Asks: 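Below is one structure. I have some questions about it.
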There are 2 protein chains.
Amino acid sequence: MAQKNKLQFIILGLLNQQPLTGYDLTKAFDSEIGEFWQAQHSQIYPQLKRLESQGYITHEITISGEKLEKKLYHITPTGQALVRDWITTGTPELTASKDEFILKLYFVQTNQDPRLPEMLTEQLQLHTEKLAHLKMRLKTVFPTVTAQKVHYGHYLILQHALGREQYYVEWLQQTLAALPTV
Amino acid sequence: MAQKNKLQFIILGLLNQQPLTGYDLTKAFDSEIGEFWQAQHSQIYPQLKRLESQGYITHEITISGEKLEKKLYHITPTGQALVRDWITTGTPELTASKDEFILKLYFVQTNQDPRLPEMLTEQLQLHTEKLAHLKMRLKTVFPTVTAQKVHYGHYLILQHALGREQYYVEWLQQTLAALPTV
DNA sequence: TTAAAACGTGTTATTAATTACATGTTTTAA
DNA sequence: TTAAAACATGTAATTAATAACACGTTTTAA
């Protein structure tokens, strides 16, 4: 019941900002969007077809260089209405997340387990790198308060991802520090 | 391409602690495990069959009451080796999460958007409730430091979920507070 | 005593998502 | 000038996941 297939709304949301190609949309999932939703091009191209057949988007063909055809997708008024509805409608689901690493920890019975330091250290490094990357991105994309206002949603998403990562790093550090000394 | 199908490892991990029925396993995903992985019984029962055919688990039939047959699954030594491998092997993937609400925010162009207060308030309530629930659980399940050591993994998972939720609540509060006053 | 809730196990159908296959063009840097 | 990287668009095959269908038992509280 109700609203699944969130990919369609994300695509519409992106096209609501500006016309984009399937390739552009795919790339969007590699950057900030990818922090909160993932999709491959093999999911995106068929979805674009479906959205077009339903009248939510249209496309225009442009030629890049000599003969490379790009399909630039535009949102229609019906599509815009659909995005508006999606955003306005409540989100009571609390989309559950998955975390393989935390699950592995769950099966570690005791804080004496000799594998713990190595496991935690590996994650600490990974998450520290990611945190650094997000920090840099936030600083370069939104250097001023004015820049934050130009695309507030983008700012929010990056900043939320950063805070989430920050928590993860701190938690790993604390958990490591709390381990019994050998 | 290495190791997908993480459900199998989670099931094995749980059976490594104690023999369980399919129903028990299903319930495990309703509680603490569910914070970091989800699975329905329609995924679990077939997976149990597969694991058994591969020799990682076996089952024993017990009768509950007059005639209700329960299949109690046990892990085999091969299965135990598989769990050990899974835990010991590195986790370099950083399992990406999904969050529909944050995505909706992404498509809000400006902090002047009249829908923002309502959207954020709804989430604040949901996450505050969840946080309270996790706090209570942590307090009842692990009232003492000694209790934490009895099943350290369980403690870690609950405590991590709580911290994550805490961050989410604080972020929502800050974002709400930073909104321009009407 | 009886109805509801919880226990218990399965399958089928559908949809979502990933991986792999498949092909070609344009740009950029060595 | 040429090879690699990036651009660009699709389909097919497989696997993961959810929702729905289906059935029966035991326990518990009204």
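Note on naming: letters A, B, ... go to the chains in the order of the sequence lines (proteins, then strands), and numbering restarts at 1 for each one. Values below: all heavy atoms of this structure, side chains included; hydrogens, waters and symmetry mates excluded. Everything numeric in this text was worked out from a predicted model, so none of it was measured.
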Asks: Side-chain donor-acceptor pairs under 3.5 Å in residues 75-83 of chain B, sequence neighbours left out?
Replies:
residue: Thr76(B); atom: OG1; partner: Gly55(B); partner atom: O; Å: 2.7
residue: Thr76(B); atom: OG1; partner: Tyr56(B); partner atom: O; Å: 3.0
residue: Thr76(B); atom: OG1; partner: Gly79(B); partner atom: N; Å: 3.2
residue: Gln80(B); atom: NE2; partner: Asn16(B); partner atom: OD1; Å: 3.2

Asks: With sequence neighbours left out, what residues match Phe107(B) under side-chain contact (heavy atoms from CB on, under 4.5 Å)?
Replies: Ile10(A), Leu14(A), Gln17(A), Ile33(A), Trp86(A), Ile87(A)
Asks: Is there a residue in residues 15-43 of chain A whose heavy atoms reach under 4.0 Å of DNA chain C, and which residues are they?
Replies: Gln40(A), Ser42(A), Gln43(A)
Asks: Can you check the Arg50(B) CZ to dT15(D) C1' distance for me, whole Å?
Replies: 9 Å
Asks: Atom pairs under 3.5 Å, N or O on each side, protein against nucleotides 2-5 of chain C: can you list them with distances?
Replies:
none

Asks: Just how far, in rounded Å, is P of dT18(D) from CG of Leu7(B)?
Replies: 10 Å
Asks: Can you tell me if the side-chain N/O atoms of Tyr45(A) get under 4.0 Å from OP1 or OP2 in dT9(D)?
Replies: yes
Asks: Provide the full list of salt bridge (charged side-chain N to carboxylate O under 4.0 Å, His left out) pairs with a residue in residues 108-118 of chain B, sequence neighbours left out, each pair given once.
Replies: Asp113(B)-Arg115(B)
Asks: Residues in side chain to side chain donor-acceptor pair (under 3.5 Å) with Glu165(B), at least two apart?
Replies: His127(B)
Asks: Please tabulate, for the side chains in residues 61-70 of chain B, all donor-acceptor contacts under 3.5 angstrom to protein atoms that are two or more places apart in sequence or on a different chain.
Replies:
none

Asks: To the nearest 10 degrees, how far apart in direction are the end axes of the helix from dT1(C)-dA30(D) to dA30(C)-dT1(D), each fit to five base pairs?
Replies: 40°
Asks: Once you round to the nearest 0.5 Å, how far does CG of Leu162(A) lie from NZ of Lys130(A)?
Replies: 11.0 Å
Asks: For residues 135-145 of chain B, which residue pairs pass the side chain to side chain donor-acceptor pair (under 3.5 Å) check, not counting sequence neighbours?
Replies: Glu32(B)-Arg137(B)
Asks: Identify, with sequence neighbours excluded, every residue that meets side chain to side chain donor-acceptor pair (under 3.5 Å) alongside Tyr73(B).
Replies: none
Asks: Select from Gln47(A) and Pro46(B) the residue whose nearest nucleotide in DNA chain C is closer to the 5' end of that strand.
Replies: Pro46(B)
Asks: Separation of Ile44(B) atom CD1 from dT11(C) atom C1', in whole Å?
Replies: 15 Å
Asks: What pairs meet the salt bridge (charged side-chain N to carboxylate O under 4.0 Å, His left out) rule with one or both residues in residues 141-164 of chain B, with sequence neighbours excluded?
Replies: Glu35(B)-Arg164(B)
Asks: Within this structure, what is the NZ-to-C1' distance between Lys6(A) and dA17(D), rounded to whole angstrom?
Replies: 13 Å
Asks: Is Lys98(A) close enough to dA17(D) that one of its side-chain N or O atoms is under 4.0 Å from OP1 or OP2 there?
Replies: yes
Asks: Does anything in residues 51-74 of chain A come within less than 4.0 Å of DNA chain C? Heavy atoms only, and list the residues if so.
Replies: Ser64(A), Gly65(A), Glu66(A), Lys67(A), Leu68(A)
Asks: Is a donor on one side and an acceptor on the other found under 3.5 Å between the side chain of Thr21(A) and the backbone of Lys71(A)?
Replies: no
Asks: Would one find a side-chain N or O of Lys4(A) under 4.0 angstrom from OP1 or OP2 of dT14(C)?
Replies: no
Asks: For the side chain of Tyr167(B) and the backbone of His160(A), is there at least one donor-acceptor N/O pair under 3.5 Å apart?
Replies: yes
Asks: Can you confirm whether Gln125(A) is buried at CD, in the sense that more than 12 heavy atoms of other residues, nucleotides or ligands lie under 6.0 Å from that atom?
Replies: no
Asks: Using modelled atom types and a 3.5 Å cut-off, is there a donor and acceptor pairing between side-chain atoms of Glu100(A) and backbone atoms of Thr95(B)?
Replies: no
